[in-house]
Q: 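One structure follows; several queries about it will come next.
Owing to the predicted nature of the structure, the values given are computational and were not obtained by experimental measurement.
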Amino acid sequence: MTSATFAALGLPDRLLRALTESGYSTPTPIQVQAIPALLEGRDLLGIAQTGTGKTAAFALPTLDFLAEERVDLRRGEVRALVLVPTRELAAQVHESFARYGKFLGLRYAVVFGGVGIGPQRATLARGVDVLVATPGRLLDLVGQRAVDLSDVEVFVLDEADRMLDMGFVRDVRKIIAELPEDRQSLLFSATMPAEVVALTQTILRDPIRVEVTPPAKTADRIEQSIYHVAKSDKNALLARLLDDGRMSRTLVFTRTKHGANRVAKHLVHAGVGAVAIHGNKSQSARERALEAFRDGSAPVLVATDIAARGLDVDGVSHVVNFDLPNIPETYVHRIGRTARAGREGIALSFCDVEERDFLRDIEKLIRRRIPAVDDHPFAGSVPAPQVADAPRQGRGAATKAAAPGAAKVDGEQRGRAGGKRRGRSRGRGRARSRQSA
Ligand code: AMP
């Protein structure tokens, strides 16, 4: 993919050591493109989804800056703020900062709703170098004066499209109003609807734009197959497939929360270690389920799309689409969970008669036919699909992309880089003025 190294991107030894410990040998395309520009202090618009390595792309240069311009933290101070839409993503991003920055001696914190606010207030009272937060809880803490965002030097808005989808736009704007004008800002989004474009215009100043390959191409690295099956046989088919032992860590997607519960229940009944995760579960139930999946005690995690978004679990061997999604891009996002950061995986999809139109749309988007397994134990109970179900080429032209994982950088903007990192010079000035105060 790429021959660049993390050292060549300009990262210091203390970060390189942590990356080696994390098992990262080569930077991903978004890291190659984003890190040098961020080290220079540029603002950035990253069009990328999870699985591309975007977290490290923003965390590493941020950590480098914070470690180089160390300050005595004021009460409630936050130096770098990362806003994310969900609790799971918040926990993961916080964990990434702590892991990459373990040799830097900085303070990292995470706040989100659904858990007690007291301990969060106590953590923030001492000031933190990096705060990862969901919008609602952060605003509560701002309202209680437990945190002061007026000295934020680096601001990251992650998964902006999802943030807006979840109705956080007003909260996000209120938070931005708390930030100083002079800061480095980064915005990441998998898609760029008009609302996100508008947000970039208010947040970013002369940003470098980095775009990683559209999701349609992710599909190339994953072995995919379709099981035509009656709806009523899906549970039995899944249990049978899981029985063969090769599906060591399997993520099963359902369209609804109830569906996720039903499938997990059925599997447990069939003797398979399965847990479900979705929005109706309490925070602690979700964490327990995720932990069981991560540590292998539950080899199967059943999830809805919303619950799974942003969820970071390494080594997923198989993705099963128990229900086919009605939005074809969702299929690509789902199966991408088994081929993260360049690894390969296997995706199996169940398709009942009513889902054949969804399948056709998916095949159009990815511009290929997904091979059907026709000798599975429940194949006899559904009529064979018609030849006319084959995908028509053409509509997918817009999804044509560069090689898998390739990143595009807006060359013109990049050429105008120059300039010192804003945060860096500001950091020094601030430290000085504080001493003299
Ligand atoms: P993200 O897109 O930030 O959610 O990252 C996706 C996954 O890739 C996470 O599990 C990271 O730990 C992993 N990852 C990120 N960068 C690298 C890298 N350079 N080499 C190997 N794995 C990576």
Q: Is Arg75 salt-bridged to Asp148, cutoff N-O under 4.0 Å?
A: no
Q: Are the side chain of Ser349 and the backbone N or O of Asn321 linked by a donor-acceptor pair below 3.5 Å?
A: no
Q: If you round to the nearest 0.5 Å, how far is OH of Tyr24 from CZ of Phe6?
A: 7.5 Å
Q: Is a side-chain donor or acceptor of Asp43 paired with a backbone partner of Arg205 at a separation under 3.5 angstrom?
A: yes
Q: Would you confirm whether Arg74, through its side chain, and Arg126, through its main-chain N or O, come within 3.5 Å as a donor-acceptor pair?
A: no
Q: To the nearest 0.5 Å, what is the distance between OG on Ser225 and CZ on Phe350?
A: 9.5 Å
Q: So, for Phe58 and Phe188, is the gap between ring centers shorter than 6.0 Å?
A: yes
Q: I'd like to know whether CG of Asp13 has more than 12 heavy-atom contacts from other residues, nucleotides or ligands below 6.0 angstrom.
A: no
Q: Taking atom types as modelled, is there a side-chain donor on Ser248 or Arg246 under 3.5 Å from an acceptor on the other?
A: no
Q: What residue among Arg107, Glu153, Glu77 forms side chain to side chain contact (heavy atoms under 4.5 Å, CB included) with Asp129?
A: Arg107
Q: Rounded to the nearest 0.5 Å, what separates atom CG in Leu138 from atom CG in Leu149?
A: 5.5 Å
Q: Does a side-chain heavy-atom distance below 4.5 Å link Leu157 with Ile203?
A: yes
Q: Within a 6.0 Å radius of atom CD1 on Ile117, are there more than 12 heavy atoms belonging to other residues, nucleotides or ligands?
A: yes
Q: Charged N to carboxylate O below 4.0 Å: is that the case for Glu355 and Arg255?
A: yes
Q: Indicate yes or no: at least one non-hydrogen side-chain atom of Leu81 is less than 4.5 angstrom from one of Val156.
A: no
Q: Could you pull out all residues at least two apart from Lys102 that satisfy salt bridge (Lys or Arg N to Asp or Glu O under 4.0 Å)?
A: Glu21
Q: Using a distance-only test with no angle check, is there a side-chain donor-acceptor pair under 3.5 angstrom linking Asp161 and Thr191?
A: yes
Q: Could you tell me whether Arg79 and Asp151 make a salt bridge, using a distance below 4.0 angstrom between a side-chain N and a carboxylate O?
A: no
Q: Is the backbone of Ile370 close enough, under 3.5 Å, to the side chain of Glu363 for a donor and an acceptor to pair up by distance?
A: yes
Q: If only side-chain N and O atoms count, and only distance matters, is there a donor-acceptor pair under 3.5 Å linking Tyr108 with Glu95?
A: no
